[in-house]
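As the structure lists them, so they are numbered: ligands from 1, and atoms in each ligand from 1.
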Amino acid sequence: MIDSAIPIVRKAVFPAAGLGTRFLPATKAQPKEMLPLVDKPIIQYGVEEVLESGLDNIIMITGRGKNSIEDHFDVSFELERILEEKGKTDLLKVVREISDMLHIAYVRQKEALGLGHAVLTVRELVGQEPFAVLLADDVIDADTPVLRQMLDVYEATGHSVIAVEQVKQEAISSYGVVQIEPWDDKRFSGPVYRIHDMVEKPKPQHAPSDLAVVGRYILTPAIFEFLETTPRGAGGEIQLTDALRGLARREPIHALRFQGRRHDTGDKLGFLQATVELALKRSDLGKAFREYLKTLPL
Ligand code: UTP
């Protein structure tokens, strides 16, 4: 049920100006968001999730050396002409589809001063509206797109929503972890909580829960006020988590334990796992790939 008093989320922001150091040397001259998972760049999975969730306004935050992201989502007249001449209509459809369906604006983050700093650069473009933030390297394979699952919670409450996932104790110190209380509402795709506080990369014994923040957020525009006053933390970076802690003290923020399988493709092992799992699910490749895997002396 949509409450007409709740402002609509229209824009999805993709911060893609990070340095991608975990994936060097592949990311020395190309953005990690453009590494292919099977046959699509990582960021296209996120963009398709946005479209399937009912949004088509995208803001990309890019940095140095990220032109290939703009080129990928732009019209490629030369390529389209060649495909047309050769009668390759299937491929033509594939390259055309994505640029036809989207409105994309690009903003430069001049220095990689952290995720919080990146989000602050879109303040003018977003304006006084709620908006979504997707970190493309979290690729989430789900029956209902995770952003859609989150929008359902937002549209019923008007509150910010953060996607969380249960994480094993030994891995918890790689994540932001939420301190929560249950929020008794059975309307949604997974359990929903109210966030009281968040801790960035806690030691396992200090983690307030086993629920880690993953790269999907719906934020009210009040977040910008907190980002503006958030001091630079470790490495001179402005952390989104610090601003979210402030926001959680002022207004409710919900955590949604989403339905779906997440892959951290910004990490080499996560990237390999995603490649294998997504290839196995493909109708055109899965069977042959499975047969091949069975021949490996594992
Ligand atoms: P990460 O923590 O994954 O950092 O950023 P990174 O630089 O991309 O990669 P590693 O850890 O060095 O390998 C989380 C998200 O925030 C964006 C990144 O592009 C990624 O989507 N980000 C990070 C920015 O847009 N700007 C920044 O200054 C930092």
Side-chain angles (χ1 to χ4, degrees), residues 11-35 37 41-47 49-50 58-70 72-73 104-123 125-126 131-140 146-147 162-165 167 171-177 198-202 212-219 223-224 227-228 230-244 262-272 274:
K11 295 170 185 164
V13 175
F14 282 87
L19 301 175
T21 53
R22 280 173 297 156
F23 229 119
L24 282 167
T27 47
K28 189 174 168 207
Q30 67 172 334
K32 66 175 172 184
E33 294 82 5
M34 287 304 291
L35 298 175
L37 271 183
I42 287 172
I43 197 159
Q44 190 169 331
Y45 289 85
V47 166
E49 180 182 328
V50 168
I58 288 182
I59 303 171
M60 298 262 181
I61 305 168
T62 63
R64 241 187 93 255
K66 304 268 183 170
N67 297 348
S68 56
I69 298 179
E70 295 187 31
H72 180 73
F73 291 106
I104 308 190
Y106 294 89
V107 177
R108 282 258 170 172
Q109 185 190 13
K110 292 196 183 84
E111 254 186 294
L113 290 177
L115 177 57
H117 181 261
V119 173
L120 195 51
T121 62
V122 298
R123 184 177 195 167
L125 271 180
V126 166
F131 62 106
V133 175
L134 293 93
L135 306 187
D137 41 358
D138 274 334
V139 172
I140 309 179
V146 172
L147 185 59
I162 299 179
V164 296
E165 177 179 79
V167 164
I172 203 92
S173 52
S174 308
Y175 292 91
V177 181
M198 300 167 75
V199 190
E200 194 54 53
K201 301 185 172 56
V213 173
V214 308
R216 299 286 183 280
Y217 310 79
I218 292 174
L219 301 171
I223 192 69
F224 292 121
L227 282 170
E228 218 171 38
T230 298
R232 291 185 184 190
E237 295 200 342
I238 296 178
Q239 305 288 347
L240 181 59
T241 305
D242 291 339
L244 286 168
R262 180 185 69 98
H263 301 284
D264 177 7
T265 66
D267 168 77
K268 289 176 193 176
L269 184 60
F271 177 87
L272 289 171

### Message
Can you check atom 2 (O) of ligand 1: any protein non-hydrogen atom closer than 4.0 Å?
### Response
no
### Task
Flag Ala136 as yes when one of its N or O atoms lies below 3.5 Å from any N or O atom of ligand 1, and as no otherwise.
no
### Query
Hey, is ligand 1 close enough to Gly114 that some N/O pair sits below 3.5 Å?
yes
### Numbered atoms and elements of ligand 1 in range of Leu19, under 4.0 angstrom, heavy atoms
6 (P), 7 (O)
### Query
Nearest protein heavy-atom contact for atom 26 (N) of ligand 1: which residue, which atom, what distance?
Gln109 OE1, 2.7 Å
### Query
ligand 1 and Phe23, any nitrogen or oxygen pair closer than 3.5 angstrom?
no
### Query
Do any N/O atoms on Leu115 end up under 3.5 angstrom from N/O atoms on ligand 1?
no
### Query
Among protein heavy atoms, which lies nearest atom 17 (C) of ligand 1, and at what distance?
Pro15 O, 3.8 Å
### Message
For the 3.5 Å polar cut-off, considering only N or O atoms, please tell me whether Ala118 and ligand 1 meet it.
### Response
no
### Query
Among all protein non-hydrogen atoms, which one is nearest to atom 14 (C) of ligand 1, and what is the separation to 0.1 Å?
Leu135 CD1, 4.1 Å
### Message
Checking contacts now, so for atom 10 (P) of ligand 1, which I'm interested in, is there any protein heavy atom under 4.0 Å?
### Response
yes
### Task
Measure the distance from atom 12 (O) of ligand 1 to every protein heavy atom, then report the residue, atom name and distance (to 0.1 Å) of the closest one.
Thr21 OG1, 2.5 Å
### Query
Hey, looking at atom 6 (P) of ligand 1, which of Lys32, Met60, Arg22 has the closest heavy atom?
Lys32
## Note on the structure
Ranked by distance from atom 19 (O) of ligand 1, the top protein heavy atom is Gly18 N, 2.9 Å
